[in-house]
Amino acid sequence: MRKWIRGGIALCLTAAMLTGCSFGFGKNGSDNENQARTLKVMYYDENSFFQEYGMLYSALYPNVEIQVVNTNNIYNTLMEENDNDYDKALAAFIEKEQPDILMVEPSQLEKLGAEGKLYDIESYVTDGKYDVDGLVPGVIDAMKGYGGGNLYAIPTNFSTQALYYNKDLFDEYSVPYPTDQMTWTEVIKLANMFPKDGDPLDRVFGLKMGWGKDLNEMINLLANTEGLKVFDENTLQMTIDTPAWAAIVEQAQSVLKSDVLFYDDMLWGGGEDGTVYFKQDEGSYGMDPFMSGRLAMRVDGNYFVNQIEDAKNYSQNPEDIIDNWDLVTAPVGSQNPDSSFYTNYYNLFAINATSTNVEEAWKFISYITGDEYARVKSKISYGNLPLRTKYLELDTERNYAAFYKLKPMNVNVDYTKVPERYQYEYYNIAYETFNKLNTGDITVAEALAELQLRGNELLATGKMTPEEQEKYWNEKNQMYTEDSSFNEELIRKAAGESTSSEDVATEDAPTEEVVE
């Protein structure tokens with residue numbers, strides 16, 4: 001099996017430099033033009049850029065000098081100069097630096113394109129010279145969706161998750177195998193067909209959905225899969241107090257009450273009942289419920305394929321590690337069966353519409369999104385997947401198409417428009433509110449109404465200046481320090497460390513009046 005997360009960057013880059021002719025970009029591994037040229041790229045960090053892209057490209061095109069303009073300057077200087085408006089600061093940065101290539105976020109494509117800042121690259125993609133058919137299915141359509149119908153950018157890699165399942169357990173308990181594009185409701189139904197009892201050190205589990213038995217986490221997982229949003233980023237109004245959200249909360253409560261799920265804290269007896277479900281001397285691989293054959297299904301990333309392989313190579317008892325497994329797409333929403341919340345594209349590269357170096361910019365983008373770059377990077381992906389499907393098919397035994405069958409769900413939120421107080425405080429409010437629901441102190445309707453109200457209050461607070469943000473955190477830190485000091489004093493008093501018994505008696509005793 002080909003490794004996705006193997007090898008060192010230096011070795012791969014050295015090999016690429018020494019064998020440039022194998023890439024088919026002209027004689028001696030470079031292009032045939034001798035004229036020196038400059039390509040300016042907007043990226044978040046120069047060192048990271050050259051490690052990821054620049055060194056390989058420079059080895060193939062030594063006549064091209066790449067200059068990296070660091071986007072950290074947007075926050076360091078330009079935000080304050082542009083009323084702390086990120087869009088204005090970004091526009092000022094592009095105008096000042098005039099990069100040929102821009103690395104952008106999906107949420108930025110439509111706005112930048114509409115403002116005339118991005119070059120439409122569709123003619124390059126469809127001219128027959130670029131292997132568009134080898135890309136992950138749906139990537140071009142997704143980019144057009146982000147760009148308001150226009151093709152402004154292509155990503156270099158993506159990440160996703162799939163539903164892994166143990167075929168032996170399904171066969172043993174006569175449970176039908178899962179299939180692509182099942183909803184969470186359907187997956188949970190399968191999980192409930194497995195036994196829910198047995199000796200803790202031997203019993204099997206139907207499904208692993210999250211890290212712990214946490215209602216807030218479960219609600220977010222189910223809601224994200226359905227594409228439900230907590231608030232509308234255009235109107236900055238909460239959208240959580242709806243029948244759709246109520247149904248999700250009730251489903252989450254029902255799932256948590258069942259005994260079909262495995263949680264990570266069960267490994268060491270950290271669950272509600274304190275029961276230990278795995279022997280502590282089994283090693284890390286033996287204590288993994290899926291690898292050791294005691295978990296029927298789990299949702300995980302592509303990196304888990306390598307972890308299973310590592311387990312078979314390095315486990316104390318490799319014969320006990322799962323072998324008969326397969327995978328299908330991660331659960332989908334009932335209204336969006338072709339999309340996945342788990343699929344995300346990264347490092348989208350676009351061309352500045354005002355660039356005088358469009359041909360050179362496209363040559364760079366076509367290389368880092370092309371076949372040869374994907375071939376090299378597929379060996380050192382660190383969890384992200386290559387953009388070319390042929391480097392995803394590790395063998396013919398399993399359904400690796402599950403990793404790229406679904407397109408990303410377009411739920412990107414431009415948080416530069418969202419008030420900081422909401423970003424800082426809402427999660428804790430939701431956690432506390434759903435905890436009250438979990439303990440029976442409030443109903444589902446009351447919980448959602450409370451979140452609707454408190455969320456709207458936070459969304460109405462407006463954007464903060466850097467000075468206001470600093471003041472906010474200074475006050476929070478002061479409150480934390482005072483609370484910590486108060487709690488430490490209570491602990492010391494309880495332990496008898498702060499005062500002696502005589503001091504306490506003296507302090508608590510009533511004052512007597514002396515009569516002469």
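If you read the sequence from its start, that first residue is 1, and numbering goes on from there.
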I'd like to know if the side chain of [X] pairs up with that of [Y] as donor and acceptor (distance under 3.5 Å, no hydrogens or angles considered).
{"X": "Ser355", "Y": "Asn352", "value": "no"}
{"X": "Tyr53", "Y": "Asn347", "value": "yes"}
{"X": "Gln67", "Y": "Thr38", "value": "no"}
{"X": "Asn216", "Y": "Asp214", "value": "no"}

For [X] against [Y], the heavy-atom pair lying closest together:
{"X": "Ala350", "Y": "Leu118", "result": "CB-CD2, 4.0 Å"}
{"X": "Met143", "Y": "Ala153", "result": "CG-O, 3.3 Å"}
{"X": "Val328", "Y": "Pro178", "result": "CG1-O, 3.6 Å"}
{"X": "Thr461", "Y": "Pro419", "result": "OG1-CB, 3.5 Å"}
{"X": "Asn157", "Y": "Glu52", "result": "ND2-OE2, 4.1 Å"}

key: Residues Asp100, Ile351; criterion side chain to side chain contact (heavy atoms under 4.5 Å, CB included); working and verdict   = CA-CA 6 Å; Asp100 299 297; Ile351 299 176; 5.9 Å; no
task = Apply the test side chain to side chain contact (heavy atoms under 4.5 Å, CB included) to residues Asn70 and Tyr43: give CA-CA distance (whole Å), side-chain angles for both, the deciding distance (0.1 Å), then the verdict.
result = CA-CA 6 Å; Asn70 194 323; Tyr43 200 75; over 6 Å; no
Are [X] and [Y] close enough that their ring centers fall under 6.0 Å?
{"X": "Tyr57", "Y": "Phe364", "answer": "yes"}
{"X": "Tyr404", "Y": "Phe158", "answer": "no"}
{"X": "Phe231", "Y": "Tyr422", "answer": "yes"}
{"X": "Tyr146", "Y": "Tyr345", "answer": "no"}
{"X": "Trp325", "Y": "Tyr164", "answer": "yes"}
{"X": "Tyr424", "Y": "Tyr472", "answer": "yes"}

I'd like to check [X] versus [Y] (side-chain heavy atoms, cut-off strictly below 4.5 Å). Are they in contact?
{"X": "Leu190", "Y": "Met182", "answer": "yes"}
{"X": "Phe434", "Y": "Ile219", "answer": "yes"}
{"X": "Leu295", "Y": "Asn166", "answer": "no"}
{"X": "Lys312", "Y": "Asp323", "answer": "yes"}
{"X": "Met409", "Y": "Ser340", "answer": "no"}
{"X": "Lys40", "Y": "Pro99", "answer": "yes"}
{"X": "Asp85", "Y": "Lys417", "answer": "yes"}
{"X": "Glu420", "Y": "Lys463", "answer": "yes"}

message = Tell me whether Arg388 forms a cation-pi arrangement with Tyr130, defined as NZ or CZ under 6.0 Å from the six-membered ring centre and within 45 degrees of its axis.
response = yes
ask   = Is Arg298 close enough and on-axis enough to Tyr165, meaning under 6.0 Å and within 45°, for cation-pi?
value = no
Side-chain ion pair, [X] and [Y], N-O less than 4.0 Å:
{"X": "Glu115", "Y": "Lys111", "result": "yes"}
{"X": "Arg375", "Y": "Glu372", "result": "yes"}
{"X": "Lys208", "Y": "Asp264", "result": "yes"}

task = Check the pair Asp338 / Gln181 against side chain to side chain donor-acceptor pair (under 3.5 Å), numbers first and verdict last.
result = CA-CA 7 Å; Asp338 297 324; Gln181 296 171 281; 3.0 Å; yes
task = Take Tyr177 and Asp326, measure what side chain to side chain donor-acceptor pair (under 3.5 Å) needs, and give me the verdict at the end.
result = CA-CA 10 Å; Tyr177 292 160; Asp326 207 342; over 6 Å; no
query = Among Thr160, Thr329, Asp180, which residue meets the side-chain hydrogen bond (donor to acceptor under 3.5 Å, both in side chains) test with Lys405?
reply = Asp180
message = For a side chain to side chain contact (heavy atoms under 4.5 Å, CB included) check, start with the C-alpha distance between Val125 and Trp362, then their side-chain angles and the critical distance, and finish with the verdict.
response = CA-CA 10 Å; Val125 171; Trp362 170 248; 3.7 Å; yes
